[in-house]
There are 2 protein chains.
Amino acid sequence: MDRVSDPTARLNTEQLGAYLALMEISSLLQYAVDEHLRNAGDLSYVQFQILARLVGAPDGKLRMTDLADGIVYSRSGLTYQAGLLAKRDLITRAPSPDDERSVIVSVTDAGRALFDHVLPGHVDDVRRLLFEPMTDKDLAALSTVLGRVRAHMRATPPRSAKPRAGRNRTG
Amino acid sequence: MDRVSDPTARLNTEQLGAYLALMEISSLLQYAVDEHLRNAGDLSYVQFQILARLVGAPDGKLRMTDLADGIVYSRSGLTYQAGLLAKRDLITRAPSPDDERSVIVSVTDAGRALFDHVLPGHVDDVRRLLFEPMTDKDLAALSTVLGRVRAHMRATPPRSAKPRAGRNRTG
DNA sequence: TATTGTTATACTCTATAACTATA
DNA sequence: TATAGTTATAGAGTATAACAATA
């Protein structure tokens with residue numbers, strides 16, 4: 001009985017609808033965006049995110065660890081994706097001078113060029129699919145809610161709270 | 001110049017933020033929900049969706065094609081997932097009497113039982129992560145916007161409009 | 001010919017564990 | 001010991017194309 005939320009509670013009709021709509025929208029959007037990135041630059045969404053972070057970083061450099069944070073991956077998954085990008089000379093990797101354990105990832109000119117090449121279509125997809133049907137009020141409302149939810153999720157025990165014993169969530 | 005949307009347009013700061021928040025939220029939610037379904041019932045999200053549709057269908061029966069619609073898959077992907085569910089006796093498959101080409105999928109009692117077993121924790125995850133931080137007004141606003149966006153996406157040329165010649169989306 | 005579905009196959013991605021090297 | 005990252009490996013999921021059968 002030390003649960004924060006009550007597992008016997010239901011979702012009301014409006015909640016259920018919103019949940020399903022959210023998942024459908026993000027799924028369709030992801031699909032569309034993925035396909036565009038693949039066609040336009042042979043990039044997966046994850047690879048695009050890596051490039052985006054690097055392009056937005058000071059000097060176009062970040063440590064592997066910094067890249068991993070927020071991109072959901074395991075470190076080995078990031079190594080794999082970074083390996084693909086490096087093979088195409090879109091990024092380079094070099095040991096950090098400060099901490100020899102760390103690896104500094106840098107976008108190359110080719111990486112920036114590809115990112116710039118792909119970005120307009122990406123943005124266009126998002127605008128066309130997601131924002132086109134919204135009014136300014138819609139956008140403002142959406143921003144408010146999503147911001148709140150994101151903050152809540154980030155503060156919520158990081159996915160599954162494994163350390164806790166006796167997780168009987170389905171009883 | 002026959003584009004509906006202008007590819008040179010940018011996303012403003014608020015749009016970009018909302019887009020990133022949406023993707024982060026759905027990603028985290030998907031991750032959490034996926035993990036729960038896996039732990040509680042050894043089900044992937046897709047398998048859960050298949051069961052959910054069947055449970056909600058008249059007589060617990062649907063054709064493969066009906067199942068495929070909306071679940072983003074290729075038909076072979078659906079066959080694969082249905083195969084996994086059938087192997088566990090959670091569904092059965094039989095040729096349709098009406099149209100011998102079609103396959104009718106039915107939930108078994110075991111399938112219903114597993115779905116019922118897993119549902120409360122699933123719902124609880126969604127409520128805890130997504131709806132807990134929302135006010136009633138938030139929910140109402142979100143529903144409105146998402147509903148509009150979903151309708152727009154469904155009406156929009158089904159992902160990538162391949163039939164169109166000369167798709168230069170990244171120029 | 002078009003539709004429904006399966007199968008074979010190849011590929012991508014992800015996760016785990018073992019490992020190296022530095023702090 | 002803890003941290004940063006890689007590698008090996010195995011498994012899940014997906015897509016494509018070829019196929020069979022029915023409409």
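Within every chain, numbering begins at 1; the chains are lettered A, B, ... in the order of the sequence lines, protein sequences first and strands thereafter. Only this structure's heavy atoms are used, side chains among them; waters, hydrogens and symmetry mates stay out.
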* To do: Could you check if a side-chain atom of A/N39 sits within less than 4.5 angstrom of a side-chain atom of A/H36, using non-hydrogen atoms only?
  => no

* To do: To the nearest Å, give me how far apart CG (A/D34) and C1' (C/dC13) are.
  => 12 Å

* Asked: Do the side chains of A/T92 and A/V105 get nearer than 4.5 Å, heavy atoms only?
  -> no

* Asked: Quick one: CG on B/L22 to CD1 on A/I25, what's the gap to the nearest 0.5 Å?
  -> 7.0 Å

* To do: Could you tell me whether A/S76 contacts a base, only the sugar-phosphate backbone, or nothing, with contacts defined as non-hydrogen atoms closer than 4.0 Å?
  => base

* Nucleic acid contacts of residues 86-99 of chain B, taken as heavy-atom distances under 4.0 Å to DNA chain C -> B/R93

* To do: Look at the side-chain N and O atoms of B/R38 and state whether any lies under 4.0 Å from the OP1 or OP2 oxygen of D/dG13.
  => yes

* **Separation of B/R154 CZ from A/L28 CG (nearest 0.5 Å)** => 8.5 Å

* Taking the side chain from A/T144 and the backbone from A/A140, do they hold a donor-acceptor pair closer than 3.5 Å? -> yes

* Asked: Can you name the residues that form a side-chain hydrogen bond (donor to acceptor under 3.5 Å, both in side chains) with B/Y45, not counting sequence neighbours?
  -> A/Y19

* 5' priority, DNA chain D, between B/R75 and A/T65 [closest heavy atom] -> A/T65

* Using a heavy-atom cut-off of under 4.0 Å over every strand shown, decide if A/S102 touches base, sugar-phosphate, or nothing. => sugar-phosphate

* Asked: What does A/I104 touch in the nucleic acid at a heavy-atom separation under 4.0 angstrom: a base, only the sugar-phosphate, or nothing?
  -> nothing

Going by atom type alone, with no hydrogens or angles, which donor-acceptor pairs under 3.5 Å involve a side-chain atom of residues 46-64 of chain B and a protein atom two or more places apart or on another chain?
| from | atom 1 | to | atom 2 | distance (Å) |
| --- | --- | --- | --- | --- |
| B/Q47 | OE1 | B/S44 | N | 3.2 |
| B/Q47 | NE2 | B/Q81 | OE1 | 2.8 |
| B/R53 | NH1 | B/D66 | O | 3.2 |
| B/R53 | NH1 | B/D69 | O | 2.9 |
| B/R53 | NH2 | B/D69 | O | 3.0 |
| B/K61 | NZ | B/S106 | OG | 3.2 |
| B/R63 | NE | B/D66 | OD2 | 3.3 |
| B/R63 | NH2 | B/D66 | OD1 | 3.3 |

* Asked: Roughly, in whole Å, what's the span from CG in B/L84 to P in D/dA12?
  -> 9 Å

* To the nearest angstrom, how far is A/D69 atom CG from D/dG5 atom C1'? -> 14 Å

* Sort and list the pairs that fulfil salt bridge (Lys or Arg N to Asp or Glu O under 4.0 Å) and have at least one residue in residues 142-151 of chain B, not counting sequence neighbours. => A/E24-B/R150, A/D138-B/R148

* Rounded to whole angstrom units, what separation is found between the CG atom of B/L67 and the C1' atom of C/dT6? -> 15 Å

* Structure fact -> Ranking C/dT3, C/dA23, D/dA12 by distance to the side chain of B/R101, first place goes to C/dT3

* Asked: Starting at OH of B/Y80 and ending at C1' of C/dA10, how long is that distance when rounded to a whole Å?
  -> 14 Å

* To do: Any ring-ring contact (aromatic ring centres under 6.0 Å, His included) involving residues 74-111 of chain B? Give me the pairs, sequence neighbours left out, ordered by first then second residue.
  => none

* Counting only non-hydrogen atoms, which of residues 42-63 of chain A are less than 4.0 Å from DNA chain C? -> A/S44

* Atom pair distance, as rounded to whole Å: OH in A/Y31 and P in C/dT12 -> 16 Å

* d(CD, B/E35; C1', D/dA12) in whole Å -> 16 Å

* Structure fact -> When rounded to whole Å, the CG to C1' distance for the pair B/L78 and D/dT16 reads 16 Å

* Considering only side-chain heavy atoms of B/T79, which listed nucleotide, C/dA23, C/dA15, C/dT7, is closest? -> C/dT7

* So do the side chains of A/L43 and A/L85 get within less than 4.5 Å of each other, counting heavy atoms only? -> yes

